[in-house]
Amino acid sequence: MSTALSEQEILRRESLQQLRELGINPYPAEEYKVTAFAQDIADNFERFPDNYKKVTLAGRIMTRRIMGSASFAELQDSTGRIQVYLKRDDICPGEDKTLYNTVFKKLMDIGDYVGVKGFVFLTQTGEISVHVQELALLSKALKPLPVVKRDEEGNIHDGFTDPEMRYRQRYVDLTVNPEYKQIFINRSKVISSMRDYFNKQGWFEVETPILQPVHGGAAARPFVTHHNTLDMPLYLRIANELYLKRLIVAGFDGVYEFGKMFRNEGMDRTHNPEFSAMEIYIAYKDYIWMMAMVEQCLEIVARAVHGIPVVQVGANEINFAGPYEKLSMYDSIQKYTGIDVSAMDEAALRLTCNELGIEVDSTMGKGKLIDEIFSAKVESNLIQPTYITDYPIEMTPLAKKHRTKEGLVERFELFVNGKEIANAYTELNDPIDQRERFEEQLILAGRGDFEAMAMDEDFLRALEYGMPPTSGLGIGIDRLVMLMTNQVTIQEVLFFPQMRPEKKAKVATADDFINIGVPSEWVPVLNKMGFNTVEELKAANPNKVFNDLGGMRKKLKLDIIMPMKEVVMAWFE
RNA sequence: GAUUCCGUAGCUCAGCUGGUAGAGCAUAACACUUUUAAUGUUGGGGUCCUGGGUUCGAAUCCCAGCGGGAUCACCA
C-alpha cells in the first residue's frame, strides 16, 4: 500500500486550504444545535408534518447528486439517513453564489460533516427530504469513505466487506455499514438488562483487581506483566472468582462484576485474548437455585433484545424461556455415545477415548479425559438451552462436593446452540477441602498441565475465616451477545477485536527532506519516486536520482525549477 | 501452531496456456431545477503485498516472508 497521499487525499487537502481562504473554518468550535434526527423524521413526518417546518440536522454527506443549480445529497446522522435538497438560490439568496457553486459543489466531499437548517417536504417521487435553507460545514473529511451503494431492493453494491479492513477501521465500517451498529446496541441491551435485573434483586455491583499477583479462578494461561515499583510479576486476571468470593466472606449477600478477562491462548472466531465475563455470587444459595435464576435472567435478556424469549440463531430457533432441560454429565455422555463412563478409572477412560477416536496425552487426568469425551461427542447436540450438571471432582477444584453423589461436584454449565455460555457451582467453602483441591492441581501442574490452578494462600485464609454457603455463576458476555445477535464470530460483537499490528511504513516528514537541502516542492516528487525516508534516499545512487527527478518533472508536467546537479549531490552528503 | 484459500486504482472486483494493466463506483472538468445505484460527454489515477528465483519477457509460474479469511487443534 502506498504511504504517500493519494490523489483524492491531496485534492481534499487543497479544498481545505481553499475553504480557509474563503474564511470558512473547516473545523469550527461552536456548538451546533441539532433539533431533528433522520429516523424520527422518517417515522413521524407524514403523520405530524407541522412539527418539521423548521429543523436542524447534522451528519455526514454520504452521496451527492448534483444537477446544475439544484442538488440532492444524503445526510447520515446517528439514527439513519435522510435526503436533503439544496437549491442554489435558496442557500445563496443574494448575488454571491459561492456557497453553492464553490463550497458545496467543489469543496465539500462525501464524508464531510455538515449541518443543515430547513424544512421537511416530500419530493415528486415521494421521498421525505429536507429542503435546505442554510448549510454549514462542521468537519472536513480528508480521507474518502468507501461508497457503499444500495439499490431499491436493498442489494448492496461495492460493499465494504473485507473483514480485516472492517475490524481495523471500525469507524469506517460503522459509518458505511451502519446496520452493524445494531449488534452493538443489542450488546448494550444484553448488559444493561442483566444489570437492571441484578440490581432489582438487591445485588451489589463491584470491581475487583485486574492485575493479580496469583492468577486463579480458572484454568487458562495468563498474560504476565511486571510492576516496576514493587519489582514483581503481575498477571492480568483470567478470572475474578476468588476475589468475588472474598467479598462474600466480607459479608455481602450478593456481588456481581462485569469485566474483561485475559487469556493468553489461541484466537479464532470464538476466542479473543480479552473477553467480557459477568460473574455473580449469592450467599446462602445453591446451584439448583442458580438454575432458576439463570432461566429468569436470560429470558429477560432475550426479551430486552427481541421483545420475545425466542431468538433465531442460524437455522435454529432458541427459546430462552425456562425451565431448561437438565442432564448430568455422565447421563449426557451415555445419551449421545451409549457409553457409561461413571465408574471408569483413568486407564479405562483413556481406552474409551482411543476407541472414540479422541486424541489424548499423558498430562490429562480423569476429569480432563471425561471433558474431552463430552466436548467431542455431546456438546454440539445441545441446541436448546440445556444444563449439564454434576461434573467429576477432578475437573472442578472450586466447586463443592455433591451432596449425595460420590466423586462429583455441584456444578452446572449451560449450553446453548452447541456452545457453553454459563458455568455455575455450589461454591466450595470448606477451607481444608479447598486446600487439598489446590494441592491436586499442583500435581497436575507438575505433570505439565500449565493450565492447572495455582495455590492462593490468601484466598484460603479468607475461607478459613468462614464463607457462607454460596452459589456462583459466570456468563461469557461475548458469546451470549453472539447468540442474541445471531453472529458466528466474536469479532463481530467486539468493537475492536485483537489484530496483528499493522505494518507501518516509515514516512519522513517534509521537514526531514528540507533539512538536508531538498526544496519543498520536490519533496512530493521524491515521495512519488518511492523515497519515504531520508535514509532510503541516501541509499540510492545520486546520479540516478538526479536523472529520475528530471524524468518525473517531465512525466508529471511539473512547472517547478529543476535543482542544480550540485544541489542534488549535496543531499547525499 | 497445522492445513487451505486470498492479497491488482480510494472502494468492489476482472485480468485465459507468461507478451506494454482493465471495468464499475469514487475522483477531476463540462452540461443539467425533484433526483435517488441520477444521467451524458471527456480526463486523471497503479511499488499488481514484500523479497528472491525461472524466463528474452512475470500481476500470471516456483520459493520464502508479511498480512488476512476459512477449517482444525488449545480454550470461554
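None of the values given here were measured: they were computed from a predicted structure. Sequence lines set the chain letters: A, B, ... in the order given, protein chains first and strands last, and positions in each chain run from 1.
- Of the charged side-chain nitrogens involved, none lies within less than 4.0 Å of a carboxylate oxygen, so that A/R350 and A/E372 do not count as a salt-bridged pair.
- A/F495 is linked by a ring pair (Phe, Tyr, Trp, His ring centres under 6.0 Å) to A/F184, counting only residues two or more places apart in sequence or in another chain.
- Put simply, A/F275 rests on the base of B/rA76: the two rings are less than 5.5 Å apart at their centres and nearly parallel, under 30°.
- Straight-line distance between the C1' atoms of B/rG18 and B/rG53: roughly 15 Å, to the nearest whole Å.
- Rounded to whole angstrom, the span from the CD1 atom of A/I110 across to the C1' atom of B/rA28 amounts to 14 Å.
- The nearest whole Å value for the distance from the CD1 atom in A/I66 to the P atom in B/rU35 is 16 Å.
- For A/T161, the listed nucleotide lying nearest its side chain is B/rC13; candidates were B/rG10, B/rC13, B/rA76.
- A sub-4.0 Å separation between OP1 or OP2 of B/rU35 and a side-chain N or O of A/R65 is absent.
- Only the P atoms considered, B/rC66 is 15 Å distant from B/rU50, to the nearest whole Å.
- The residue among A/E420 and A/F121 whose nearest nucleotide of RNA chain B lies closer to the 5′ end is A/F121.
- Checking A/M267 against A/R263, the closest nucleotide of RNA chain B that is more toward the 5' end is the one next to A/M267.
- In this structure, A/R88 reaches neither bases nor backbone, as no heavy-atom distance under 4.0 Å exists between it and the strands shown.
- For the pair A/L369 CG and B/rC74 P, the interatomic distance rounds to 12 Å; values are reported in whole Å.
- Classified by interplanar angle (parallel below 30°, tilted 30° to 60°, perpendicular above 60°), the ring pair A/Y85/A/H131 is perpendicular.
- The separation between A/F258 atom CZ and B/rA76 atom P is 20 Å, rounded to whole Å.
- Comparing B/rG24 with B/rU41, their P atoms sit 11 Å apart, to the nearest whole Å.
- The distance between atom NZ of A/K105 and atom C1' of B/rA28, rounded to the nearest whole Å, is 14 Å.
- The P atoms of B/rC61 and B/rC6 are separated by 9 Å, rounded to the nearest whole Å.
- Taking atom C1' in both B/rG45 and B/rU27, the straight-line distance is 8 Å, to the nearest Å.
- For the P atom pair drawn from B/rC72 and B/rA23, the interatomic distance equals 41 Å after rounding to whole Å.
- For the residue pair A/E492 / A/Y167, a side-chain donor-acceptor distance below 3.5 Å is found, with atom types taken as modelled.
- Across all strands shown, B/rU4 forms a Watson-Crick or G-U wobble pair with B/rG69, both key distances being under 3.5 Å.
- With rounding to whole Å, A/E14 atom CD is found 13 Å from B/rG44 atom C1'.
- Comment: A/D173 does not engage A/R168 in a salt bridge, judged by the lack of any side-chain N to carboxylate O separation of less than 4.0 angstrom.
- Qualifying salt bridge (Lys or Arg N to Asp or Glu O under 4.0 Å) partners for A/R65, counting only residues two or more places apart in sequence or in other chains: A/E74.
- Across the C1' atoms, B/rA59 and B/rC16 are found 13 Å apart, a figure rounded to whole Å.
- Across all strands shown, A/E372 has heavy atoms under 4.0 Å from sugar-phosphate atoms exclusively, and none from any base.
- In this structure, B/rU55 makes no Watson-Crick or G-U wobble pair, since no nucleotide meets both defining distances under 3.5 angstrom.
- Taking 3.5 Å as the limit, the base of B/rU35 and the side chain of A/Q83 contain a donor-acceptor pair of atoms between them.
- As a whole-Å value, the separation of A/N264 CG from B/rA76 C1' is 15 Å.
- When the P atom of B/rU12 is taken as reference, atom CG of A/D162 falls 6 Å away, rounded to whole Å.
- You'll find a donor-acceptor pair under 3.5 Å spanning the side chain of A/D268 and the base of B/rC74, going by distance alone.
- Within 3.5 Å, no donor on the side chain of A/E164 pairs with an acceptor on the base of B/rG67, nor the reverse.
- A 3.5 Å limit on both hydrogen-bonding distances identifies no Watson-Crick or G-U partner for B/rG44.
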